[in-house]
**Student:** 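Pasting a structure below so you can have a look.
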Amino acid sequence: MTKKTSKSGGKTPAGKGSKQGGAAASRTAGKSGKPTKTGKPAKKSLPPWMPEAMARAPSRPAPASQARRPAAGPGPRGAGRFVDPHAQREAQRYEQPIASREAILGFLEAAEGPQTAEEIAGPLGLDAPDRFDALSKRLGAMVRDGQLVQNRRGGFAPVQQTDLIAGTVIANPDGFGFLRPDTGGGDDLFLPPYEMRKVMHGDRALANVTGIDRRGRREGSIARVLERGVTRLIGRFGFEVGIAYVAPDDKRIQRNVQIPQDATGGARDGQLVVVELTQAPDARRPPIGKVIAVLGDSLTPSLVVEAAIHGHNLPHEFPQEVLDEATAVPLVVEPAMIGDRVDLRSTPLVTIDGEDAKDFDDAVYCEPTRDGFRLIVAIADVSHYVRPGAPLDDEAQKRATSVYFPGYVVPMLPETLSNGICSLNPKVDRMTFVCDMQVNRDGEVTSSRFYEAVMNSHARLTYTQVWKAVGENDDEVRTQIAPVLPHVERLYQLYHVLAKARTQRGAIEFESSEVRFVLDNRGEVTQAGMLVRNDAHKLIEECMIAANVQAALFLLKAHIPAPYRIHEKPPETKYMDLLEFLKEFKLSMPSWGKVQPKDFTNLLKKVRERPDAALLESVLLRSQSLAVYSPDNVGHFGLALEAYAHFTSPIRRYPDLLVHRAIKHGLTKKSPDAFQYSARDMAALALQCSERERRADEAEREVDERFRAAWMEKHVGGQFDGVISGVTSFGLFVELDESKVNGLVHVTQLPQDYYHFDPVRKTLSGERRGLSFRLGDRVRIIVLKASLEERKIDFRLVEDKTKDSGLPPPAPRGQPAKRKKQAY
């Protein structure tokens with residue numbers, strides 16, 4: 001399939017067509033997933049600075065199936081020609097189009113059974129040699145993406161027709177695992193240890209349901225691995241009976257990687273190395289790999305970020321073609337590039353971010369109106385510079401998100417774009433995509449419109465500045481920002497209106513706590529402290545939520561495929577466990593079928609003044625579903641919104657870029673079928689973006705845990721107050737009050753006794769002395785040991801419970817909960 005390229009120049013048509021822009025209601029959107037190669041629309045014009053060659057999407061063919069190529073000629077006897085409902089869209093994308101994925105799936109769903117490539121080619125009119133090659137590549141891509149499965153005789157069938165479940169493997173350090181379905185619906189599929197030998201943590205696979213285990217869980221077996229999630233890892237190099245191997249640092253990867261003698265990279269026994277897997281494991285054979293980097297004899301704080309980048313296989317170096325394209329982008333906005341964009345340069349838009357921010361996605365402005373406020377949210381117009389199918393877009397899609405570490409960022413886009421021409425830096429012209437809203441005095445958005453604009457940020461403000469100016473009335477800061485102070489004060493007035501509306505609809509208000517680490521020039525941790533959120537953070541958050549909601553509403557009304565940001569209510573099994581837990585604290589909530597977001601909010605308000613508030617809040621947070629991207633809008637439970645989409649951060653999130661493209665297509669009033677992404681394309685992209693987001697979260701969490709351990713290494717022997725955040729048969733987990741660091745008080749570090757664990761009441765009780773430890777108890781500990789490499793921190797109890805310690809007593813407890821047998 002040859003991608004069509006445009007020969008026209010000028011401004012992109014996929015945006016605002018007039019100075020008024022396209023009026024539209026909006027709704028929420030989400031995030032995109034699995035990469036499906038899409039071409040660029042026909043006749044797509046380019047900005048004046050972009051060479052024509054950059055518009056051409058480089059071909060990246062999927063692996064062909066192993067079917068025999070038929071000779072040119074008619075299809076199988078009696079076969080009719082299948083009509084492709086998306087033929088027009090495919091013709092816009094490719095000079096030599098073939099059947100769309102939808103047409104292939106429809107054909108196979110109507111067939112009497114699995115069909116070989118030859119049997120598909122005839123009815124679809126693709127039996128000419130070049131057409132058959134293109135079909136084979138598409139079939140191979142559909143197998144890889146989990147849309148089709150290929151049987152032993154080469155026949156293809158839709159996965160939905162086979163009762164196979166596609167999902168991501170989640171490994172457990174104890175040897176078993178789960179398959180998390182791609183659809184997000186239903187419980188995870190339990191994978192016993194012998195099935196986990198076929199896969200590794202993070203793999204995408206197809207699995208069969210083989211039965212129900214003794215705990216009532218659906219049990220499965222791996223039918224096929226669709227995509228390997230781990231291609232690189234870090235671990236300890238070693239020798240055993242003459243065989244070289246690497247023991248993975250990630251305990252969820254339980255099989256050592258075998259290293260051939262010619263692939264040791266000069267590593268010595270005991271060194272920490274980076275391994276690239278060259279052969280995946282199966283039920284009988286371990287993974288095989290080669291050493292590509294030696295990190296050293298031990299993991300130091302200065303190597304923590306590098307280890308996480310390698311260990312989670314984060315793309316951190318841009319290919320030369322991507323850098324070349326980024327370099328070709330002009331450093332300034334030329335007058336000829338502005339065209340008929342709305343001119344907002346005289347409007348006092350400002351950016352409000354953290355002190356260390358370098359890329360500015362969003363700017364805001366507010367003015368009073370007769371019925372309330374006008375709110376302008378101007379977002380960096382990344383879609384103007386990053387075009388579908390170009391190298392920049394391919395790399396951004398591959399990364400899907402920027403990854404933030406203390407003192408370092410792995411960006412989604414090259415720095416010349418993310419910190420340069422796309423960033424809304426102060427006092428320079430920038431291209432933006434705007435959501436312009438009217439908000440009434442009840443905090444409801446009564447109308448909105450989207451349009452392309454050019455702006456000039458009047459000030460780069462920080463959260464601290466804004467809070468001191470409008471929250472603390474600091475005269476010095478108010479003088480510093482005097483030119484924009486009236487506009488900031490109006491934004492603060494609007495925030496109170498929006499916050500009141502948020503409370504009325506019942507959005508869940510978790511108090512987020514984040515540890516901020518300060519590093520020296522050697523990468524050593526020199527300071528750790530809690531990042532405090534103030535109303536300036538919340539002001540920007542409410543403005544962004546308002547724009548995200550309007551984006552989603554617009555897309556729903558236009559019926560254009562897009563990634564919505566969805567957050568479903570807690571899974572029923574998790575929620576039942578939560579109810580059991582709350583009984584211990586004499587607390588209750590409605591049944592799963594009746595629970596609403598405001599029920600969580602009301603409970604949080606009720607417990608906020610209790611000494612165990614932090615524990616209860618963390619348990620409530622852990623009971624929530626994971627927010628993901630999906631082409632199907634199901635609303636956002638946590639925010640109590642019927643629709644939500646990510647619109648406001650296209651510099652660092654690929655789903656936001658997809659949302660911009662979708663809205664711009666909607667503004668052209670063209671048919672949704674003419675959009676460059678089909679519904680299936682968007683579903684695959686949403687899945688991929690969700691997976692890449694989880695990968696980034698895991699990498700950031702790993703670095704955070706290692707830096708916490710590095711910080712506590714400096715405090716071995718120190719005493720701290722904390723709360724019991726977890727109770728197990730082998731000891732207590734304690735969260736420290738100030739740093740929020742978690743560590744283990746092993747049962748051997750408790751006062752001498754025989755201890756018994758009650759899994760229902762979450763208590764650990766001594767047999768002889770009568771001591772009992774439970775969730776939420778206040779304790780004082782001494783730091784025994786901290787290991788950066790193992791991510792472990794060990795504590796010892798300083799004194800028996802809270803006796804004579806001056807600490808507040810534990811919260812009142814309820815009666816032992818009666819465990820009800822759950823129906824699965």
Side-chain angles (χ1 to χ4, degrees), residues 1 3 14 29-41 44 54-62 93 101 141-142 144-147 182 204 226-227 229 231 312-326 329 361 380-403 410-414 417-418 422 561-565 628-631 645-647 649-665 675-696:
M1 293 173 285
K3 294 283 178 73
K31 178 169 164 183
S32 78
K34 212 119 193 103
T36 305
K37 189 64 185 172
T38 56
K40 88 189 252 23
K44 174 74 77 175
M54 289 189 184
R56 301 191 182 116
S59 61
R60 196 171 52 189
R93 296 184 185 180
R101 292 190 179 212
M142 293 175 73
R144 186 183 65 243
D145 291 343
Q147 292 178 293
D182 288 345
R204 282 194 67 244
L226 297 172
E227 184 180 1
T231 58
H312 294 272
N313 197 25
L314 298 175
H316 61 288
E317 295 178 346
F318 287 102
Q320 189 58 47
E321 62 176 352
V322 174
L323 295 175
D324 291 343
E325 185 183 354
V329 177
D361 285 285
D381 194 359
V382 176
S383 64
H384 179 77
Y385 301 100
V386 180
R387 300 305 178 91
L392 269 172
D393 186 58
D394 289 345
E395 187 66 17
Q397 185 184 115
K398 176 183 175 183
R399 297 181 179 219
T401 181
S402 296
V403 188
V410 180
M412 185 179 80
L413 297 171
L417 272 71
S418 61
C422 289
Y564 295 88
R565 184 64 167 178
V628 297
Y629 295 101
S630 170
H646 277 164
F647 168 80
S649 297
I651 290 177
R652 61 184 179 90
R653 290 190 307 226
Y654 195 74
D656 302 56
L657 179 56
L658 292 171
V659 167
H660 280 218
R661 289 171 179 166
I663 295 175
K664 287 187 177 185
H665 180 82
F675 188 37
Q676 60 211 33
Y677 303 99
S678 70
R680 291 187 185 275
D681 292 338
M682 199 57 73
L685 283 166
L687 176 61
Q688 175 178 298
C689 288
S690 296
E691 290 173 344
R692 301 293 156 85
E693 179 187 44
R694 285 195 292 269
R695 179 179 69 178

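Position 1 is the first residue of the sequence, and the numbers go up from there.
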**Student:** Are Glu691 and Arg695 within salt-bridge range, i.e. N to O under 4.0 Å?
**Tutor:**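 Arg695 and Glu691: not salt-bridged.
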**Student:** In Å, rounded to the nearest 0.5 Å, how long is the span from CZ of Arg387 to CG of Leu392?
**Tutor:**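 Nearest 0.5 Å value for the CZ-CG distance: 11.5 Å.
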**Student:** Going by atom types only, do Arg692 and Tyr654 share a side-chain donor-acceptor pair under 3.5 Å?
**Tutor:**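 Side chains of Arg692 and Tyr654: no pair found under 3.5 Å.
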**Student:** Please evaluate residues His312 and Val403 with respect to the criterion side chain to side chain contact (heavy atoms under 4.5 Å, CB included), reporting the C-alpha separation (whole Å), side-chain torsions for both, the decisive distance (0.1 Å), and the verdict.
**Tutor:** CA-CA 11 Å; His312 294 272; Val403 188; over 6 Å; no
**Student:** Shortest non-hydrogen contact from Pro411 to Ser418?
**Tutor:**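 Between these two residues, the closest heavy atoms are CB-OG, 4.5 Å.
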**Student:** Nearest 0.5 angstrom please: Glu395 CD to Leu323 CG, how far?
**Tutor:**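 Result: 9.0 Å between the selected atoms.
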**Student:** Any idea which heavy atoms bring Glu325 and Pro391 closest together, and the distance?
**Tutor:**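 Closest approach of Glu325 to Pro391: OE1-CD, 3.2 Å.
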**Student:** Could you grab the distance from atom CG of Asp681 to atom CD of Gln676, nearest 0.5 Å is fine?
**Tutor:**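 So the gap between those two atoms works out to 9.5 Å.
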**Student:** Could you tell me whether Glu317 atom CD has more than 12 heavy atoms of other residues or ligands within 6.0 Å of it?
**Tutor:**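 Result for CD/Glu317: open.
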**Student:** State, yes or no, whether a side-chain contact exists between His660 and Val382 at a heavy-atom distance under 4.5 Å.
**Tutor:**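 Side chain of His660 against side chain of Val382, heavy atoms only: no contact under 4.5 Å found.
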**Student:** In the structure I gave you, are the side-chain heavy atoms of Arg204 and Leu687 within less than 4.5 Å of one another anywhere?
**Tutor:**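 They are in contact (side-chain heavy atoms under 4.5 Å apart), so the answer is yes.
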**Student:** Minimum heavy-atom separation for Ile651 to Cys422, with atom names?
**Tutor:**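 In this case the closest contact between Ile651 and Cys422 is CD1-O, 3.8 Å.
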**Student:** What are the two closest heavy atoms between Arg661 and Ser383, and how far apart are they?
**Tutor:**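 Where Arg661 meets Ser383 most closely, the heavy atoms are CG-CB, 4.3 Å.
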**Student:** Indicate the atoms forming the closest heavy-atom contact of Phe647 with Val659, along with that distance.
**Tutor:**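 Looks like CD1-CG1, 4.1 Å.
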**Student:** Measuring from Met412:CE to Lys398:NZ, what's the distance to the nearest 0.5 Å?
**Tutor:**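 Reported to 0.5 Å precision, the distance equals 14.0 Å.
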**Student:** I'd like to know whether Tyr385 forms a side-chain hydrogen bond (donor to acceptor under 3.5 Å, both in side chains) with Asp393, so could you lay out the CA-CA distance, the side-chain angles of the two residues, the decisive distance to 0.1 Å, and finally the verdict.
**Tutor:** CA-CA 9 Å; Tyr385 301 100; Asp393 186 58; over 6 Å; no
**Student:** Can you confirm whether His665 sits close enough to Tyr677 that some side-chain heavy atom of one is under 4.5 Å from a side-chain heavy atom of the other?
**Tutor:**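 No, their side chains stay 4.5 Å or more apart.
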**Student:** Is it true that Asn313 and Thr231 share a donor-acceptor pair across their side chains at a distance under 3.5 Å?
**Tutor:**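 Note: Thr231 and Asn313 side chains meet the donor-acceptor criterion.
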**Student:** Nearest 0.5 angstrom please: Arg680 CZ to Met142 CE, how far?
**Tutor:**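 Between Arg680 CZ and Met142 CE, I get 7.0 Å after rounding to 0.5 Å.
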**Student:** Minimum heavy-atom separation for Val322 to Pro414, with atom names?
**Tutor:**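 For Val322 versus Pro414, the nearest heavy atoms are CG1-CG, 3.9 Å.
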**Student:** Before you tell me yes or no, could you show the steps for Val628 and Arg694 under side chain to side chain contact (heavy atoms under 4.5 Å, CB included), namely the whole-Å CA-CA distance, both residues' side-chain angles and the distance that decides it to 0.1 Å?
**Tutor:** CA-CA 9 Å; Val628 297; Arg694 285 195 292 269; 4.1 Å; yes
**Student:** Kindly determine whether Asp656 and Asp361 satisfy side chain to side chain contact (heavy atoms under 4.5 Å, CB included), including the steps that lead there.
**Tutor:** CA-CA 11 Å; Asp656 302 56; Asp361 285 285; over 6 Å; no
